[in-house]
Amino acid sequence: MKQVDTAETGQGGAGRRGTGAGTWRERIRRATRAASRPGLWKRGRVLAALALLLGLFMLLHAQIPNRIGNLGSLVETFLPWFGLLIPVLLIGALWRRSAAAVAALLLPVVVWLNLFGGLLGDKSHPGGGLTVAQHNVGAGNPDPAGTATDLAAAGADVLALVELTEQARGTYESELAKAYAYHTVQGTVGLWSKLPLSDTQPVDIKMDAGPLADTKPVDIKMTYTRALRTTVTTDQGPLAVYVAHLGSARVNPRAGFWTAHRDRNAQALGQAIAAEQNERVVLLGDLNGTMDDRAFASITAQLSSAQDAAGNGFGFTWPAEFPVVRIDQILVRGVKPESSWVLPATGSDHRPVAARITP
């Protein structure tokens with residue numbers, strides 16, 4: 001009896017295993033038949049076309065012309081946000097049960113990940129002997145003293161401030177004096193440092209253009225200087241530090257994405273950096289643009305972003321209440337970024353940025 005029972009049990013087990021295997025094969029056949037139904041591939045052709053266009057739009061963004069309203073630069077400024085259209089199209093594809101649309105979405109997904117996937121993870125790591133920071137303190141900042149206190153508490157070794165006003169300059173100088181033994185202010189930009197500074201000079205980024213530009217006296221031009229260059233003495237040797245605040249960008253119906261002043265400033269700044277003899281360079285500034293924007297090609301060809309190399313996420317800085325773009329930058333050459341981050345908001349409409357580097 002036991003042998004019969006065992007045999008019966010074995011046969012029953014085999015039957016169950018066979019039934020299970022058959023069930024899985026049947027499921028696979030059903031899925032294959034379902035996926036091969038003509039209707040799944042005929043549905044959602046508009047969604048599929050939109051998905052392909054989105055992918056090509058992001059892939060070929062550099063080919064979008066700037067001739068009309070600087071459209072190309074505008075797209076590049078907000079390029080990461082076009083990725084939000086992918087889940088929207090995916091929901092539409094699933095709702096329509098469109099295999100064609102789902103398949104077409106692979107293109108924008110791959111393109112977006114290729115462009116920005118590297119920013120999704122934390123690339124920071126321990127190390128770095130020098131902390132640098134930059135902040136557009138805001139001309140309309142209602143609490144410059146509080147902003148200075150917050151920045152001093154952040155502990156940066158080198159701190160760049162832009163958009164300094166004559167009214168607030170004294171407040172920043174007095175509030176930062178205890179934390180920083182050295183500082184320089186050129187026009188509306190300044191640098192505070194715990195390490196000695198030397199060879200400080202304003203940088204001409206062509207704030208004036210046209211035949212009258214060369215006729216203005218130097219002392220007049222100095223009042224609205226928006227860039228400087230100095231040397232910071234480090235244990236590893238001299239470090240060239242640039243501080244810059246480029247012209248603003250504006251969006252309006254008549255001019256579109258208006259960036260004439262900013263683009264001229266960026267070109268001039270790129271030329272100044274190209275002439276820099278020191279191989280170790282740090283640029284701290286509100287550049288009023290993202291590093292995806294073609295307008296900064298002369299700068300990004302020479303310097304790399306600390307946030308891209310050692311940050312966590314996109315590091316958006318503006319507007320401070322709900323940042324959607326990173327226009328405040330820390331760019332380097334000849335030094336190694338170890339980490340990069342955005343500091344808490346102050347009374348400004350920008351958020352401060354910081355990075356730890358190995359000089």
Side-chain angles (χ1 to χ4, degrees), residues 118 123-136 151 154-162 176 179-186 189-205 225-246 265-287 289 291 296-311 315 326 328-343 352-359:
K123 297 180 292 300
S124 64
H125 41 81
L130 188 71
T131 300
V132 298
Q134 184 276 137
H135 190 26
N136 179 328
L151 293 172
D157 300 298
V158 176
L159 171 65
L161 303 184
V162 307
L176 295 173
Y180 297 96
Y182 310 92
H183 88 280
T184 179
V185 175
Q186 304 285 323
V189 298
L191 189 75
W192 278 256
S193 175
K194 296 179 180 180
L195 303 171
L197 304 177
S198 61
D199 301 325
T200 302
Q201 56 189 329
V203 176
D204 183 8
I205 56 171
T225 291
R226 292 173 62 149
L228 66 83
R229 186 263 182 214
T230 191
T231 298
V232 176
T233 302
T234 73
D235 293 339
Q236 291 75 27
L239 177 69
V241 177
Y242 287 76
V243 181
H245 182 198
L246 304 190
N265 298 161
Q267 187 68 26
L269 181 59
Q271 292 171 355
I273 294 171
E276 174 60 52
Q277 298 299 307
N278 195 333
E279 287 300 317
R280 300 161 70 247
V281 177
V282 174
L283 168 59
L284 307 168
D286 170 10
L287 304 188
M291 295 301 94
F296 299 100
S298 64
I299 296 175
T300 55
Q302 306 178 73
L303 306 176
S304 58
S305 166
Q307 182 67 22
D308 288 353
R326 182 181 177 91
D328 298 275
Q329 310 292 349
I330 298 177
L331 306 176
V332 301
R333 180 182 78 192
V335 301
K336 182 183 178 184
E338 306 290 356
S339 55
S340 177
W341 63 98
V342 178
L343 293 167
V353 294
R356 190 172 295 109
I357 63 175
T358 298

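Looking at L197 and W192, their side chains never come closer than 4.5 Å, going by heavy atoms from C-beta outward. You'll find the side chain of L195 reaches within 4.5 Å of the side chain of L130, heavy atoms only. Using a 4.5 Å cut-off on side-chain heavy atoms (C-beta onward), Y182 and T200 make no contact. For the pair N265/R226, no side-chain contact is recorded, criterion being any heavy-atom separation below 4.5 Å from C-beta on.
The side chain to side chain donor-acceptor pair (under 3.5 Å) search around D286 returns N136, H245, not counting sequence neighbours. Taking the side chain to side chain donor-acceptor pair (under 3.5 Å) definition, one finds that T358 meets it with E338, sequence neighbours left out. By the side chain to side chain contact (heavy atoms under 4.5 Å, CB included) test, Q329 is found to be paired with L287, M291, R326, L331, residues two or more places apart in sequence or in another chain being considered. For T184, the side chain to side chain donor-acceptor pair (under 3.5 Å) criterion is met by Q186, not counting sequence neighbours. Not counting sequence neighbours, S304 has no partner by the side chain to side chain donor-acceptor pair (under 3.5 Å) test. In this structure R356 satisfies the salt bridge (charged side-chain N to carboxylate O under 4.0 Å, His left out) test with no other residue, sequence neighbours excluded.
Residue K336 holds its NZ atom at 12.5 Å from CD1 of I357, rounded to the nearest 0.5 Å. The distance from the OG1 atom of T231 to the CD atom of Q201 is 8.5 Å, given to the nearest 0.5 Å. The distance from the OG1 atom of T300 to the CG atom of L283 is 11.5 Å, given to the nearest 0.5 Å. Distance CG/L159 to OG/S193: 9.5 Å, rounded to 0.5 Å. Interatomic distance, CG of L269 versus CD1 of I299, reported as 4.0 Å (0.5 Å rounding). If you take CG on L303 and CD1 on I273, they are separated by 4.5 Å, rounding to the nearest 0.5 Å.
The two residues V281 and L239 make their nearest non-hydrogen contact at N-CD1, 4.1 Å. Heavy atoms only, all atoms of each residue included: T225 and P202 are closest at CG2-CB, 3.8 Å. Of all the heavy atoms in A266 and S298, the pair that sits closest is O-OG, 3.6 Å. Between A133 and L284 the shortest heavy-atom distance is O-CD1, 3.8 Å. Here the closest heavy-atom approach between residue P337 and residue A310 is recorded as O-CB, 3.6 Å.
R280 places a side-chain N or O within 3.5 Å of a backbone atom of P359 that can act as its donor or acceptor partner. Listed for the Q134 side chain is no donor-acceptor partner under 3.5 Å among the backbone atoms of I330. The main-chain N or O of A272 is never found under 3.5 Å from a side-chain atom of R229 such that the two would form a donor-acceptor pair.
The residue from V158, V162, L161 that alone fulfils the side-chain contact (heavy atoms from CB on, under 4.5 Å) condition with V243 is V162.
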Can L151 and H135 be said to form a side chain to side chain contact (heavy atoms under 4.5 Å, CB included), step by step? CA-CA 9 Å; L151 293 172; H135 190 26; 3.9 Å; yes
Apply side chain to side chain contact (heavy atoms under 4.5 Å, CB included) to residues V232 and D157 and explain how you reach the verdict. CA-CA 10 Å; V232 176; D157 300 298; over 6 Å; no
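The pair E276-R333 does not count as a salt bridge, with every side-chain nitrogen at least 4.0 angstrom from each carboxylate oxygen.
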